[in-house]
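In what follows, a structure is listed as structure tokens, so that the remarks can point back to it.
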2 protein chains.
Amino acid sequence: MPTSFRLDPPSGVPFYRQIIDQILAAVATDALTAGDQLPTVRALAVELQVNLNTVAKAYKELEIRGVLNTRQGSGTYVSSVRVERDEVERRRQVIQLVDEFLARAAGSGLPLAEFLQEFSARMKEDPK
Amino acid sequence: MPTSFRLDPPSGVPFYRQIIDQILAAVATDALTAGDQLPTVRALAVELQVNLNTVAKAYKELEIRGVLNTRQGSGTYVSSVRVERDEVERRRQVIQLVDEFLARAAGSGLPLAEFLQEFSARMKEDPK
DNA sequence: ACTAATGATCTAATGAACTAGGACATAGGT
DNA sequence: ACCTATGTCCTAGTTCATTAGATCATTAGT
């Protein structure tokens, strides 16, 4: 159960969402695979110096999404969903895309169509 | 001062933002042009059955953006900014883009790059 | 100068999101 | 049967966005 989770308080991103993102990233990179048990809500709460319920909220949302599988009294485990890799990847890139858009849309004098074309080309060659 | 503004309470979109959007739309379509006086904050507040400050907040934000020009004691007027058309248009399209992305990203099995390419092509031919 | 109309400011009420504290319910081993 | 570890639920406090109420400051016409 390798847990190298860390929180970034001043980021403004809610703790429970940071937890969700890091778990999704771990699943996407196969650092966590189907069947793996996650830290207990209490253990992770202590490690992240956060309340038990904050961790529970993250686990709950991921269970609803089908990523995790919680068993009361036993623990929380990674589901055997297969599409997670693409899902997470797409999500991360969409967020990055939107970020850049909102940050640069005002500054660039380009019409939207050209702007999009640029973006598309850039991601096509470097879909990092 | 043609004011056919309406608010949509159940939409979840804050009143002041709906006001902002409708004014931007009016400016974009030339229903409001440079120099035109907008309804007074009190008049529009009455018309929309909303508090004076809600309208004032919308006007204030648009003044900061350079769209409007408020003169205490006199009124609020449309600025003579020339880029408004493109600005508003781009904003609307970006919002639409993001909307579609978030709505369809999960459903489409396409890699993001192809997805973007499609979008770009579509907007290029029909930049409605 | 005065006055009426206008936007600006200050304060408060409401609700939602986030986090935390404490108590409950369930699973699994002894 | 018990006991411990687990997730779940209920409640409360804090912060922030939104809206409103009331008052102040400024403009423009008389």
Side-chain angles (χ1 to χ4, degrees), chain A residues 1 3 5-24 32 35-79 95 102, chain B residues 1 3 5-24 27 32 35-79 102:
Chain A
M1 179 182 329
T3 72
F5 293 139
R6 280 191 311 150
L7 295 183
D8 181 23
S11 74
V13 179
F15 291 155
Y16 82 97
R17 192 151 298 280
Q18 291 186 42
I19 296 173
I20 290 175
D21 289 339
Q22 294 190 28
I23 293 177
L24 286 178
L32 286 175
D36 285 354
Q37 180 175 10
L38 279 83
T40 69
V41 289
R42 284 176 180 77
L44 189 51
V46 170
E47 177 179 344
L48 299 182
Q49 296 183 322
V50 120
N51 188 273
L52 169 162
N53 290 310
T54 303
V55 177
K57 183 172 184 176
Y59 283 7
K60 187 64 176 296
E61 177 163 335
L62 287 175
E63 188 196 19
I64 293 176
R65 287 205 215 171
V67 178
L68 299 182
N69 183 284
T70 71
R71 290 198 297 255
Q72 182 168 305
S74 172
T76 302
Y77 308 85
V78 177
S79 297
I95 288 177
L102 297 183
Chain B
M1 183 182 328
T3 73
F5 294 137
R6 278 190 311 152
L7 296 183
D8 180 24
S11 74
V13 179
F15 290 156
Y16 82 97
R17 190 150 300 279
Q18 292 186 41
I19 296 173
I20 289 174
D21 289 340
Q22 294 190 28
I23 292 176
L24 286 177
V27 172
L32 285 175
D36 284 355
Q37 178 175 10
L38 279 83
T40 69
V41 289
R42 285 174 179 77
L44 188 52
V46 170
E47 178 179 342
L48 299 180
Q49 297 183 322
V50 117
N51 187 274
L52 167 163
N53 291 310
T54 303
V55 178
K57 183 172 186 176
Y59 282 7
K60 186 66 175 300
E61 177 163 336
L62 287 175
E63 189 197 18
I64 293 175
R65 287 204 214 171
V67 179
L68 299 183
N69 182 283
T70 70
R71 291 197 297 255
Q72 182 168 301
S74 171
T76 303
Y77 307 84
V78 177
S79 297
L102 297 183

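None of these values were measured; they are calculated from a predicted model. Values reported hereafter were calculated over all heavy atoms of this structure, with side chains retained and with hydrogens, waters and symmetry mates removed.
- In this structure, CG of B:L62 is placed 15 Å from C1' of C:dG7, rounded to the nearest angstrom.
- For C:dT6, the OP1/OP2 oxygens have no side-chain nitrogen or oxygen of B:T70 closer than 4.0 Å.
- With contacts defined as side-chain heavy-atom distances shorter than 4.5 Å, the pair A:S79/A:N69 qualifies.
- Summarising the geometry, the separation between CD1 on A:I64 and C1' on D:dG7 is reported as 14 Å, rounded to the nearest angstrom.
- The shortest side-chain heavy-atom distance between A:I23 and A:L62 falls under the 4.5 Å cut-off.
- Side-chain contact check for A:F5 versus A:L48: some heavy-atom pair is nearer than 4.5 Å.
- B:Y77 is not listed as a side-chain neighbour of B:L38, based on a closest heavy-atom distance of 4.5 Å or more.
- The distance from atom CG of B:L7 to atom P of D:dT18 is 14 Å, rounded to the nearest whole Å.
- In this view, B:Q72 satisfies the side-chain hydrogen bond (donor to acceptor under 3.5 Å, both in side chains) rule with no residue, not counting sequence neighbours.
- Computed from C1' positions of five pairs at each end, the angle between the two local axes of the helix from C:dA1-D:dT30 to C:dT30-D:dA1 equals 0°, rounded to 10 degrees.
- For A:E61, the side chain to side chain contact (heavy atoms under 4.5 Å, CB included) partners at least two apart in sequence or on another chain are A:Y16, A:R17, A:I20, A:R65.
- The nearest whole Å value for the distance from the CG atom in B:L38 to the C1' atom in C:dT6 is 13 Å.
- A straight line from CD of A:E61 to P of D:dG7 spans 17 Å, rounded to a whole angstrom.
- For D:dT6, the OP1/OP2 oxygens have no side-chain nitrogen or oxygen of A:T76 closer than 4.0 Å.
- As rounded to whole Å, 11 Å separates atom P of D:dT6 from atom OH of A:Y59.
- In this structure, the side chain to side chain contact (heavy atoms under 4.5 Å, CB included) partners of B:F15, at least two apart in sequence or on a different chain, are B:L7, B:P9, B:Q18, B:V50, B:T54.
- Side-chain contact check for A:V78 versus A:L68: some heavy-atom pair is nearer than 4.5 Å.
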Quick tally for nucleotides 17-27 of chain C: nucleotides whose base has a protein heavy atom under 4.0 Å get B, sugar-phosphate-only ones S, the rest -, giving -SBBBB--BBS
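- With sequence neighbours excluded, the residues forming a side chain to side chain contact (heavy atoms under 4.5 Å, CB included) with B:N53 are B:N51, listed by chain and number.
- Rounding to whole angstrom units, NZ of residue A:K60 and P of D:dC10 are separated by 10 Å.
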